[in-house]
Amino acid sequence: MDYQIHYFKSLTSTQDKAKEFSKKGLSNIIIISEVQTKARGRFNRKWHSSKGGLWMSILLKPKNTENLQHLTFAAAVSVVKSVRKITGIKTNIKWPNDVHYKGKKLCGILTEGIFGKENYVIVGFGLNVNQISFPSDIKDIATSLNIINNKKINIGKLTKSIINNFFDLYNNYYNKNKLKTIIQMWKRYCDTLDKNVTITTRTKKINGKAVGIDENCSLLLKLKDNKMIKIMEGDTRVRY
Ligand code: BTN
């Protein structure tokens with residue numbers, strides 16, 4: 001698939017820039033910025049984006065915009081595969097979409113839909129690559145590939161690989177409605193299942209055992225009284 005990459009030195013957020021491109025009716029556009037001054041994460045949280053990371057948004061115009069969770073899963077899978085190939089580092093996915101290394105966050109994914117006469121999707125990747133330090137509020141929960149391997153990573157090579165892997169999953173599975181295969185691949189790298197977890201949703205905290213993923217990428221949680229519930233979104237903390 002043909003795509004165009006646009007590089008910037010600094011942006012408020014690559015998501016915002018991708019949105020601008022969507023207003024021109026464009027798609028298969030990739031926005032990359034060296035730094036972001038107002039980046040956001042899930043639940044509208046602030047996302048730290050200093051130099052050295054990969055801050056990238058992919059603007060798509062898929063036929064089907066009803067299964068955006070599967071696109072997010074595909075994005076996480078593409079990151080894990082590329083990180084393994086280019087750096088040798090084996091990372092895992094925490095439901096729904098954090099790529100982590102030994103519990104420290106390496107990559108977050110933010111998928112946003114733009115719904116109107118035509119529907120667009122923006123998949124945002126925030127991957128800590130070559131940073132060697134983090135601000136004090138996140139230094140205990142975040143890490144970078146450089147910190148793990150103690151050497152500089154070729155960010156260009158890694159970016160290319162992530163884009164290729166992502167478009168492979170997008171074209172051959174997402175757009176062909178082979179959503180189950182995306183979930184199967186995701187499960188291979190997920191280390192949340194069979195663990196006791198605390199899920200924080202917008203309104204509450206729930207303890208339980210993560211026992212499965214349903215066809216909509218929701219987490220199946222078994223509560224203390226053996227009741228099963230489905231969680232569609234939230235933050236996960238694994239309780240060891
Ligand atoms: C998360 O909360 O884990 C998702 C973080 C997503 C951050 C990326 S960085 C590139 C893109 N631009 C943004 O403003 N956010 C996403």
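Atoms within each ligand, like the ligands themselves, are counted from 1 in listed order. We count residues from 1, following the sequence as given. None of these values were measured; they are calculated from a predicted model.
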Would [X] count as being in polar contact with ligand 1, using the rule that some N or O on each side must be under 3.5 angstrom apart?
{"X": "W55", "value": "no"}
{"X": "R45", "value": "no"}
{"X": "W47", "value": "no"}

| message | Ring-plane angle category for W47 and W55, please: parallel below 30°, perpendicular beyond 60°, tilted otherwise. | response |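 Perpendicular, since the angle between the ring planes exceeds 60°.
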| request: Specify whether F73 and W186 have parallel, tilted or perpendicular ring planes, treating 30° as the upper limit for parallel and 60° as the lower limit for perpendicular. | output: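 Plane angle under 30°, so parallel.
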Atoms of ligand 1 less than 4.0 Å from [X] heavy atoms?
{"X": "G41", "value": "1 (C), 2 (O), 4 (C), 5 (C)"}
{"X": "S57", "value": "11 (C)"}
{"X": "Q36", "value": "9 (S), 10 (C), 11 (C), 12 (N), 13 (C), 14 (O)"}
{"X": "A39", "value": "14 (O)"}
{"X": "Q15", "value": "11 (C), 12 (N), 13 (C), 14 (O), 15 (N)"}
{"X": "G126", "value": "8 (C), 9 (S)"}
{"X": "M56", "value": "10 (C)"}

| request: Would you check whether K38 reaches within less than 4.0 Å of ligand 1, judged by its heavy atoms? | output: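 For ligand 1, residue contact (heavy atoms, under 4.0 Å) with K38 is absent.
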| task | Look at ligand 1 and say whether S49 reaches it with a heavy atom at a distance under 4.0 Å. | result | no
| message | Can you tell me which portion of F125 lies within the under-4.0 Å heavy-atom range of ligand 1? Options are side chain, backbone, both, or neither. | response |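 Answer for F125: backbone.
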| Proximity of N97 to ligand 1 by residue part, where a heavy atom lies under 4.0 Å | neither
| task | Considering only NZ, NE, NH1 and NH2 on the basic side and carboxylate oxygens on the acidic side, decide whether K230 and D214 come within less than 4.0 Å. | result |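 Between D214 and K230 there is a salt bridge, with a charged N closer than 4.0 Å to a carboxylate O.
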| said: Does this structure show an ion pair linking E215 with K180, if we count only N-O contacts that are shorter than 4.0 Å? | reply: no
Can you check whether [X] reaches [Y] side chain to side chain, under 4.5 Å on heavy atoms?
{"X": "M56", "Y": "I31", "result": "no"}
{"X": "I114", "Y": "K19", "result": "yes"}
{"X": "Y174", "Y": "L169", "result": "no"}

Please check if any side-chain donor atom of [X] sits under 3.5 Å from a side-chain acceptor atom of [Y], or the reverse.
{"X": "T14", "Y": "Q36", "value": "yes"}
{"X": "T111", "Y": "T72", "value": "yes"}
{"X": "N149", "Y": "T87", "value": "no"}

| field | Of the listed options K46, K17, R40, closest to atom 15 (N) of ligand 1 (non-hydrogen atoms) | value |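 Considering heavy atoms of K46, K17, R40, the nearest to atom 15 (N) of ligand 1 sits in R40.
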How close does the nearest protein non-hydrogen atom get to [atom], and which residue and atom is it?
{"atom": "atom 14 (O) of ligand 1", "result": "S13 OG, 2.7 Å"}
{"atom": "atom 11 (C) of ligand 1", "result": "T14 OG1, 3.2 Å"}
{"atom": "atom 3 (O) of ligand 1", "result": "K105 NZ, 2.6 Å"}
{"atom": "atom 2 (O) of ligand 1", "result": "R42 N, 2.7 Å"}

| task | Please say which of K94, R45, R202 ends up in a side chain to side chain donor-acceptor pair (under 3.5 Å) with D235. | result |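 With D235 as partner, K94, R45, R202 yield a single side chain to side chain donor-acceptor pair (under 3.5 Å), made by R45.
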| query | Has the side chain of N67 got a donor or acceptor atom that lies under 3.5 Å from a matching backbone atom of H70? | reply | no
